[in-house]
Amino acid sequence: MNLKNSEPLLNQKAGVPFHNISQLTFQKLKEDSDNVAANLKNFINGFSAAGREIIEYFNFNDHINRLDEANLLFLIVKKFAEIDLHPDVVSNMEMGYVFEELIRKFSELSNETAGEHFTPREVIRLMVNLLFLNDRETLTQKGIVKTIYDPACGTGGMLSVAEEYIKELNLDAKPVVFGQELNPESYAICKSDMLIKGQNVSNIKFGNSFTNDGLERETFDYMLSNPPFGVEWKKVQTHVKAEHEKKGFDGRFGAGLPRISDGSFLFLQHMIAKMKRDNGGSRIAIVFNGSPLFSGSAGSGESEIRKWIIENDMLEAIVALPDQLFYNTGIYTYIWIVTNAKAPERRGKIQLINGIHYYKKMSRSLGNKRNVIGDGVEVVPDQIAEITQIYGEFQQNATRTLEIEGAKKDVVVSKIFDNKDFGYWRITVERPLRLNFQASEERLARLEIEPAFVNLATSKQRGGLAQIEIAAGKVFQETIKTALQSLGDRLYKNREVFEQALNKALKTANIKISAPVKKTIMNVLSERDETADICTDKDGNPEPDSDLRDYENVPLQDDIDEYMKREVLPHVPDAWVDESKTKIGYEIPFTRHFYEYVPPRPLEEIEREIKDLEDEIRGMLDMVL
């Protein structure tokens, strides 16, 4: 019998989309201690093609040889033989936790970033809730088929939870998952999970989503991801920049490129490019750190990307999560909900949800993860459900009574904004240049070190001719200084008047100088003076003083002229806006909108703590002495 042709029958017999024709088990491997390496390789080779393709990404043969040479292979096989890892005993999710915990520990030992591999399951559940909440009616239709995609899928945790959610809603639903992963081991774990669940494993691609998009022409109903944040994208810069410049909005990165130190926005643009333009559009849930909210001023790549997303009415909501949720970092993180099919009541609006107080302390920390979003366990209310409810209610200034540091407190948890509330004009405020001029000894001394003046007594030639040129140049320098000294110590407060006096002094001394030398003289003999006349250009317009230049962010909903009259001109009446430099920027100052004032502690309490610390230190010193 042709084994390849018999694979479907053998898979059917096994009850899963793969099989193993080997007669070996881990118990049998343990019993033949002299041939563990050879037998284990035979066992692996017994898997069907789909299983072997996954296993190859783990480089098992190399690991087997190294462990066998170190006399450790038998001990490891023996330990595994003592553990029942059958899917009926250890679920796929539990196996994912085991793998992630091993990754976390090994990453700590090698100072690598574990956060690129996995996301806490409660965060995934919240993301999935937010992603599917408004589509429950659609998802419960009989035989509904929906596609789900993660461009940095890791071990497939997000895809698995999303699939399980849809199945919980509707057993007849047919979720089809897609993903791509760069890490070989994570890719293999994800693919094996999908294989066991009966998904089409060819939908899981290996490689970098930016440089080798394995699903280039695909679009999806739902997308969710926790891309590596705060990680530079220098390795893919050439490819990404070329696509941005050559394809523009026909490619994935038309809106702009973020700074090289953080590629988070590249993932979001990549996902937006895979949105469906019809059939109800698409929805995206993505985890970011705080940087994409505000990094980059008007005109920068980040600001232009935010502008494009918001002005196209794709940003639906942002949820701020508690800190210390992730295994490799203690920073605050945010879930962005992005869609091209907002509900009518959400159009032109963005909801910010303050979820930083929704957590419980873990009894035992895992790396930097010390908090967990409560899921109904013990006496903790279902915090995931409550955040989901806040999102679904879509209320302005919604409040909840929460326990914070042992005290009950009313906290604003939801605010609704117009899209334009996050936009601003970046205006350049200029003030006129005012200079006085004087040919004083102090100012003339500055002329000695100015390159344009120094070069008058230099020569590129060699030999005697060069010496003659240098000598002539020095004489010319002295002649210029003598002419300037003839101006005396008079303080000129009008540039035109001084320039006329300068021209007259040079003409009297029969001196002709180049424009650069004259400009140098004007500069060194001038000083800023608020009482001086305004310097104007050839058209009579005031010249700006670069040292007094300032920048203002004017809310997009505001009028620039009215803003200037209200905020600037009362303080500097001669200021004006250089309209040629005005730019539109977007930022989302999340923390500012949910700022909670905390009054300072009473002075008596602080003094008491200081005294207690002094007494404690004094007691420790007495013990030592």
Legend entry - Parallel, tilted or perpendicular, as decided by the 30° and 60° cut-offs, for the rings of Y222 and F132: perpendicular

Legend entry - CG on D559 to CH2 on W425, rounded to 0.5 Å: 9.0 Å

Inset, instruction - Hey, can you tell me if F265 and W336 have their rings parallel, tilted or perpendicular (30° and 60° cut-offs)? - result: perpendicular

Legend entry - Residue pair Q237 / E232, side-chain donor-acceptor N/O under 3.5 Å: no

Legend entry - Check: F178 ring centroid to Y149 ring centroid under 6.0 Å: no

Inset, instruction - Run the ring-centre check on Y57 versus Y187 and record whether the distance is less than 6.0 Å. - result: yes

Inset, instruction - Salt-bridge test for R347 and D313: reply yes if a basic N is under 4.0 Å from a carboxylate O, no otherwise. - result: no

Legend entry - Any donor-acceptor N/O pair, T119 side chain to I124 backbone, under 3.5 Å: no

Inset, instruction - Test D221 against R283 for salt bridge (Lys or Arg N to Asp or Glu O under 4.0 Å), laying out the working first. - result: CA-CA 7 Å; D221 297 298; R283 292 177 61 76; over 6 Å; no

Legend entry - Distance in Å, D421 CG paired with L352 CG, rounded so as to fall on 0.5 Å steps: 10.0 Å

Legend entry - K581 with D578: basic N within carboxylate O range, under 4.0 Å: yes

Legend entry - Nearest-0.5 Å distance, CD1 of residue I337 to CG of residue L133: 10.0 Å

Inset, instruction - For residues F253 and H270, establish whether the separation of their ring centroids is below 6.0 Å. - result: no

Legend entry - Ion pair R259/E302, N-O distance below 4.0 Å: yes

Inset, instruction - Could you tell me whether R431 and D545 make a salt bridge, using a distance below 4.0 angstrom between a side-chain N and a carboxylate O? - result: no

Inset, instruction - Output the distance between atom CD1 (I390) and atom CD (E386), rounded to the nearest 0.5 Å. - result: 5.0 Å

Legend entry - R400 and E393 ion-paired at < 4.0 Å: yes

Legend entry - Short side-chain donor-acceptor distance under 3.5 Å, E587 and Y424: no

Inset, instruction - Answer with yes or no whether the side chains of D193 and S160 bring together a donor and an acceptor at under 3.5 Å. - result: yes

Legend entry - R125 with E168: basic N within carboxylate O range, under 4.0 Å: yes

Legend entry - Gap between atom OH of Y595 and atom CG of N354 - 0.5 Å precision: 14.0 Å

Inset, instruction - Assess the pair F267 and F210: is the distance between their ring centroids shorter than 6.0 Å? - result: yes

Legend entry - side-chain contact (heavy atoms from CB on, under 4.5 Å) assessment of N183 paired with F206: CA-CA 8 Å; N183 178 278; F206 178 71; over 6 Å; no

Legend entry - Gap between atom CD of Q351 and atom CD of E316 - 0.5 Å precision: 8.0 Å

Legend entry - Under 3.5 Å side-chain donor-acceptor pair for T329 and N368: no

Legend entry - Donor on one side chain, acceptor on other, S225 and D150, under 3.5 Å: yes

Legend entry - Between S291 and N289: side-chain donor-acceptor atoms closer than 3.5 Å: no

